[in-house]
Visitor: 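Here you go, one structure.
Quick note: numbers below take in every heavy atom, side chains included, and nothing from hydrogens, waters or symmetry partners. If you read the sequence from its start, that first residue is 1, and numbering goes on from there.
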Amino acid sequence: QLQLLESGGGLVQPGGSLRLSCAASGSIFSIYPLDWYRQAPGKQRELVATITSGGSTNYAYSVKGRFTISRDNAKNTVYLQMNSLKPEDTAVYYCHAPLSTYGGTDIWGQGTQVTISS
């Protein structure tokens, strides 16, 4: 099955930018939709952005206009460009493949920490 590995997290001041990457291996990448989730301490994991195999995207209201999800199927990688970062964006960010919608098991990456602080 598909395996996912996130990278690119770090510590950034408010107003700064980060680009997260999610590298996939172990299966066919290009046919799958992909999501970014995040989870802050003490809060529920929330959906941040989605992208279909055809490139259609959706965003949580809280990040719309600031974050951009994209994919490079040739590199088996999905990205999350995060601009104008706010302290409330601080969370562990997870790449997700919702394969349960196809009768399989959802695949999660291990997460990458994003901290926004001055």
Side-chain angles (χ1 to χ4, degrees):
Q1 292 292 306
L2 183 69
Q3 297 178 357
L4 305 173
L5 179 62
E6 304 96 331
S7 63
L11 175 64
V12 181
Q13 292 186 345
S17 297
L18 280 175
R19 188 193 193 199
L20 306 183
S21 298
C22 173
S25 63
S27 189
I28 300 172
F29 175 82
S30 63
I31 66 172
Y32 298 125
L34 294 162
D35 308 327
W36 284 99
Y37 279 74
R38 67 185 181 187
Q39 188 166 26
K43 295 187 177 181
Q44 296 289 310
R45 189 171 296 186
E46 65 173 338
L47 180 63
V48 175
T50 66
I51 186 166
T52 69
S53 61
S56 297
T57 60
N58 280 294
Y59 300 91
Y61 178 81
S62 60
V63 308
K64 199 164 189 175
R66 300 188 298 120
F67 290 12
T68 302
I69 187 172
S70 62
R71 65 194 298 164
D72 186 339
N73 290 337
K75 297 181 178 179
N76 283 5
T77 302
V78 62
Y79 304 97
L80 187 68
Q81 177 67 47
M82 306 186 295
N83 299 326
S84 301
L85 285 162
K86 306 174 181 179
E88 51 263 46
D89 295 318
T90 295
V92 177
Y93 284 71
Y94 297 91
C95 188
H96 173 247
L99 301 186
S100 61
T101 60
Y102 306 98
T105 302
D106 282 8
I107 304 298
W108 294 90
Q110 87 292 342
T112 185
Q113 177 70 49
V114 172
T115 302
I116 314 303
S117 177
S118 58

Visitor: As an exercise, state the distance from SG of Cys95 to CG of Leu4, rounded to the nearest 0.5 Å.
Guide: 4.5 Å
Visitor: Taking side chain as C-beta onward, heavy atoms only, is Val78 less than 4.5 Å from Cys22?
Guide: yes
Visitor: Test side chain to side chain contact (heavy atoms under 4.5 Å, CB included) on Asp106 and His96; report intermediate values, then the result.
Guide: CA-CA 7 Å; Asp106 282 8; His96 173 247; 3.0 Å; yes
Visitor: How does the hydrophobic cluster around Trp108 look, that is, which other residues are in it when side-chain heavy atoms under 4.5 Å mark a link?
Guide: Tyr37, Leu47, Val92, Tyr94
Visitor: Near Glu88 CD, under 6.0 Å, is it more than 12 heavy atoms from other residues, nucleotides or ligands?
Guide: yes
Visitor: Would you confirm whether Thr52, through its side chain, and Ser56, through its main-chain N or O, come within 3.5 Å as a donor-acceptor pair?
Guide: yes
Visitor: For the residue pair Leu2 and Ala97, what are the closest heavy atoms and their distance?
Guide: CD2-CB, 3.7 Å
Visitor: Do Ile69 and Thr50 have side chains that approach each other closer than 4.5 Å (heavy atoms only, starting at C-beta)?
Guide: no
Visitor: Under 4.5 Å between any side-chain heavy atoms of Arg38 and Glu46, yes or no?
Guide: yes
Visitor: Please give me the minimum heavy-atom distance between Tyr59 and Thr68, naming the atom from each residue.
Guide: OH-CA, 3.4 Å
Visitor: Check side-chain hydrogen bond (donor to acceptor under 3.5 Å, both in side chains) between Asn83 and all other residues, then give those that pass, not counting sequence neighbours.
Guide: Ser17, Gln81
Visitor: Test of understanding: with side-chain hydrogen bond (donor to acceptor under 3.5 Å, both in side chains), list the residues that count as partners of Thr115, not counting sequence neighbours.
Guide: Gln113
Visitor: Quick one: list whatever passes side chain to side chain contact (heavy atoms under 4.5 Å, CB included) with Asn73, sequence neighbours left out.
Guide: Phe29, Ser30, Arg71
Visitor: Between Gly9 and Leu20, what is the shortest heavy-atom contact and its length?
Guide: N-CD2, 3.6 Å
Visitor: Would a distance-only check, ignoring hydrogens and angles, find a side-chain to backbone donor-acceptor pair under 3.5 Å from Thr77 to Lys75?
Guide: yes
Visitor: Could you report the tightest heavy-atom contact between Gln3 and Ile107, atom names first, then the distance?
Guide: CA-CG2, 4.3 Å
Visitor: Output, in order, the C-alpha distance, side-chain angles, deciding distance and verdict of side chain to side chain contact (heavy atoms under 4.5 Å, CB included) for Gln13 and Leu85.
Guide: CA-CA 8 Å; Gln13 292 186 345; Leu85 285 162; over 6 Å; no
Visitor: Go through the structure and list residues passing side-chain hydrogen bond (donor to acceptor under 3.5 Å, both in side chains) with Ser117, not counting sequence neighbours.
Guide: none
Visitor: Mind checking salt bridge (charged side-chain N to carboxylate O under 4.0 Å, His left out) for Arg19 and listing every partner two or more places apart, or none if nothing turns up?
Guide: none
Visitor: Are side-chain heavy atoms of Ile116 and Lys86 found at a separation under 4.5 Å?
Guide: no
Visitor: If I take atom CG from residue Leu80 and atom CG from residue Leu18, how far apart are they, to the nearest 0.5 angstrom?
Guide: 9.5 Å
Visitor: So which heavy atom on Trp36 is nearest to which on Ser21, and how close?
Guide: CH2-O, 3.7 Å
Visitor: Give me the atom names and distance for the closest heavy-atom approach of Pro98 to Pro33.
Guide: CD-O, 3.4 Å
Visitor: Are Ile51 and Tyr79 co-members of a hydrophobic cluster defined by side-chain heavy atoms under 4.5 Å apart?
Guide: no
